[in-house]
Amino acid sequence: AQSVSQHNHHVILSEAASLELGCNYSYGGTVNLFWYVQYPGQHLQLLLKYFSGDPLVKGIKGFEAEFIKSKFSFNLRKPSVQWSDTAEYFCAVNEGPGRRALTFGSGTRLQVQP
Amino acid sequence: DGGITQSPKYLFRKEGQNVTLSCEQNLNHDAMYWYRQDPGQGLRLIYYSQIVNDFQKGDIAEGYSVSREKKESFPLTVTSAQKNPTAFYLCATGTALGPDTQYFGPGTRLTVL
């Protein structure tokens, strides 16, 4: 079965620091990849997604992610974090045209200190 | 996001009682999903439906049941057979065609006392 690993469970950064959150998945076929964010007290929101094409994708609020097929990875990056980026971040995958339901990682709680 | 309604936001039930969580959408999406979120475990799929009158079990369907009588609605019943029902429940919708982005509702936090 598909699995998604997020190795950083809790990350604490100061404002203006750079961010990279790791995401690895196990499925070897065609995948669609997503990063979602859950701000305190808010809905789960889509940050960015990769379906095909340029492996470097840009999302909202200055986030980007790079799909590296050979490493089964889809890491999330932001050059300079802000206090408002404090949230929980989830990587998710679904298996191409087959199963559309998402398999989620366990999440990374990001705390940005002013 | 704005087109998915989950009610109530907080729900309390006694152990042994069945409870039904509501999910309604006005996005005209064919697919609907129920996920359960527990601290440190991410979201796990309970049930999903890609079309009216059809639904499939997800990874943790035991102790849950669903129906899909209308395109707009996908209620989830948490039965007394669910051993650990206290959790945050999220409903999502998607287009069910090609690569699909899912949109999530605000969630219902169920506490079983």
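In the text below, chain A, chain B and the rest are named by the order of the sequence lines, each starting its count at 1.
Residues A/F74 and A/V11 share a hydrophobic cluster, clusters being chains of Ile/Leu/Val/Met/Phe/Trp/Tyr side chains in contact below 4.5 Å. B/M32 and A/L44 are members of different hydrophobic clusters when ILVMFWY side chains are connected at heavy-atom separations under 4.5 Å. B/Y33 and B/I60 end up in different hydrophobic clusters when Ile, Leu, Val, Met, Phe, Trp and Tyr side chains are linked at under 4.5 Å. Transitive grouping of hydrophobic side chains (ILVMFWY, heavy atoms separated by less than 4.5 Å) brings B/W34 and B/F55 into a common cluster. B/F104 and B/Y89 are members of different hydrophobic clusters when ILVMFWY side chains are connected at heavy-atom separations under 4.5 Å.
When all heavy atoms of B/G40 and A/S106 are compared, the pair lying nearest together is O-CB, 3.4 Å.
By the neighbour-count criterion of 12 heavy atoms within 6.0 Å, atom CD of B/E62 is sparsely surrounded, having that number or fewer from other residues, nucleotides or ligands.
Looking at A/L102 and B/Y48, their side chains never come closer than 4.5 Å, going by heavy atoms from C-beta outward. Contact of the B/Q102 side chain with the A/Y36 side chain is registered, since non-hydrogen atoms from C-beta on lie closer than 4.5 Å.
Using a 4.5 Å cut-off between heavy atoms, B/Y47 makes no contact with chain A at all. There is no contact between A/Q6 and chain B, counting heavy-atom distances below 4.5 Å. Contacts of B/Q37 with chain A are made by side-chain atoms alone, with heavy-atom separations under 4.5 Å and no backbone atom involved.
By number of non-hydrogen pairs under 4.5 angstrom with chain B, the leading residue of A/E88, A/Q38, A/R109, A/Q42 is A/Q38.
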